[in-house]
Amino acid sequence: VQLQASGGGLVQAGGSLRLSCEASGRTFGSYNMGWFRQAPGKERELVAFIGWSGGGTYYVDSVKGRFTISRDNAKNTVYLEMNSLKPEDTAVYYCAAARMTRMRLYDSKIHNEALYDDWGQGTLVTVSS
C-alpha cells in the first residue's frame with residue numbers, strides 16, 4: 001500500500017492535533033498499522049500500533065492516556081489523536097503498514113521497523129512551550 005500522512009503542524013503545549021494516514025489499495029484491512037516518531041537527535045520509536053482488525057492497540061508509555069490510535073478500514077485511513085501535547089512530543093511522525101502475517105499485537109516484533117512493508121512520508125509536529 002502507498003501511505004499519505006497529514007495533519008502535522010505547530011501547536012502550543014497542552015493543545016491537540018489529529019494525524020491522518022490514508023492508504024491506497026484494496027488490501028488496507030489486512031495490514032497492521034503503526035505510528036512512529038523521530039525527534040531531533042533521537043532514534044525513531046514506535047508510538048502507537050493498531051491491529052489489522054482494529055481490535056487491539058499498543059502505546060508507548062510516554063503517550064498513554066494522551067494519544068489514541070484508530071482506523072477506519074472503509075476509508076483506508078488510520079488516525080492518531082494527540083491530546084495534552086508536550087514539547088517532548090515534537091518530532092516527525094510516520095505511519096507504517098505491516099502485513100497481518102508479520103506480527104501480532106503482543107509481539108515485540110511490532111517495534112521492528114524492518115518488518116513494516118510501507119511507510120508514509122512523515123509529517124512534522126512541533127509543540128511549543
Side-chain angles (χ1 to χ4, degrees):
V1 296
Q2 290 186 324
L3 303 175
Q4 181 71 38
S6 62
L10 174 64
V11 64
Q12 288 188 332
S16 299
L17 283 173
R18 187 175 81 157
L19 306 183
S20 299
C21 176
E22 185 173 359
S24 63
R26 300 178 181 179
T27 60
F28 176 73
S30 63
Y31 282 81
N32 299 306
M33 297 298 297
W35 281 101
F36 289 77
R37 69 184 178 188
Q38 186 165 24
K42 295 188 177 181
E43 293 186 353
R44 190 156 56 183
E45 66 171 346
L46 178 65
V47 175
F49 174 94
I50 188 166
W52 60 272
S53 68
T57 57
Y58 159 88
Y59 299 94
V60 68
D61 286 347
S62 59
V63 308
K64 284 181 180 177
R66 300 188 298 121
F67 290 13
T68 303
I69 189 171
S70 62
R71 66 189 296 161
D72 185 338
N73 285 350
K75 295 183 178 179
N76 282 9
T77 303
V78 62
Y79 305 96
L80 186 67
E81 184 75 34
M82 305 185 295
N83 298 314
S84 301
L85 282 162
K86 304 176 181 180
E88 50 263 44
D89 294 317
T90 295
V92 177
Y93 285 72
Y94 301 87
C95 56
R99 279 171 283 172
M100 60 190 291
T101 56
R102 286 185 175 268
M103 60 188 63
R104 296 181 179 182
L105 176 62
Y106 298 109
D107 191 335
S108 61
K109 291 178 181 179
I110 67 173
H111 297 275
N112 186 343
E113 296 180 26
L115 295 180
Y116 287 78
D117 300 280
D118 301 287
W119 290 80
Q121 83 284 10
T123 185
L124 177 62
V125 172
T126 304
V127 184
S128 63
S129 57

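Counting begins at 1 with the first residue of the sequence.
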State, with a plain yes or no, whether a side-chain heavy atom of [X] is found less than 4.5 Å away from one of [Y].
X     : Y      : answer
Trp35 : Val78  : yes
Asn76 : Val1   : no
Leu46 : Tyr116 : yes

Give, for atom [atom1] of [X] and atom [atom2] of [Y], the distance between the pair rounded to the nearest 0.5 Å.
X     : Y     : atom1 : atom2 : answer
Met33 : Asn73 : CE    : CG    : 9.5 Å
Leu19 : Glu81 : CG    : CD    : 9.0 Å
Ser62 : Lys86 : OG    : NZ    : 8.0 Å

Tell me every residue that passes side chain to side chain donor-acceptor pair (under 3.5 Å) with Ser16, counting only those two or more places apart in sequence or in another chain.
Asn83

Can you run down the salt bridge (charged side-chain N to carboxylate O under 4.0 Å, His left out) pairs that involve residues 118-129, sequence neighbours left out, and say none if there aren't any?
none

Scan for salt bridge (charged side-chain N to carboxylate O under 4.0 Å, His left out) pairs involving residues 9-19, sequence neighbours excluded, and state none if there are none.
none

Partner residues of [X] under the side chain to side chain contact (heavy atoms under 4.5 Å, CB included) criterion, sequence neighbours left out:
X     : result
Val11 : Leu17, Leu85, Val127
Thr77 : Ser20, Glu22, Lys75, Tyr79
Thr57 : Ile50, Tyr59, Ile69

Please table the atom pairs, donor to acceptor, closer than 3.5 Å between any side-chain atom in residues 96-105 and protein atoms at least two apart or in another chain.
from: Arg99; atom 1: NE; to: Asp117; atom 2: OD1; distance (Å): 3.1
from: Arg99; atom 1: NE; to: Asp117; atom 2: OD2; distance (Å): 3.4
from: Arg99; atom 1: NH2; to: Asp117; atom 2: OD1; distance (Å): 2.8
from: Arg102; atom 1: NE; to: Asp117; atom 2: OD1; distance (Å): 3.0
from: Arg102; atom 1: NE; to: Asp117; atom 2: OD2; distance (Å): 3.3
from: Arg102; atom 1: NH2; to: Asp117; atom 2: OD1; distance (Å): 3.2

Which pairs with one or both residues in residues 119-128 pass side-chain hydrogen bond (donor to acceptor under 3.5 Å, both in side chains), sequence neighbours excluded?
none

Not counting sequence neighbours, list each pair that qualifies as a side-chain hydrogen bond (donor to acceptor under 3.5 Å, both in side chains) and has a residue in residues 42-56.
Arg37-Glu45, Arg44-Glu113

Atom CD of residue position Glu88 - does it have more than 12 heavy atoms of other residues, nucleotides or ligands inside 6.0 Å?
yes

Treat each ILVMFWY residue as a node, draw an edge where side-chain heavy atoms are under 4.5 Å apart, and state whether Leu10 and Leu80 are in one component.
no

Contact list for residues 83-112, test ring pair (Phe, Tyr, Trp, His ring centres under 6.0 Å), sequence neighbours left out
Tyr58-His111

Any donor-acceptor pair under 3.5 Å linking the side chain of Arg66 with the backbone of Ser84?
yes

Would you name the heavy atoms of Phe49 and Asn32 that are closest together and state the gap between them?
CZ-CB, 3.5 Å

With sequence neighbours excluded, give me every disulfide (SG to SG under 2.5 Å) pair touching residues 27-97.
Cys21-Cys95

Considering residues at least two apart in sequence or located in another chain, which fulfil the ring pair (Phe, Tyr, Trp, His ring centres under 6.0 Å) criterion with Phe28?
none

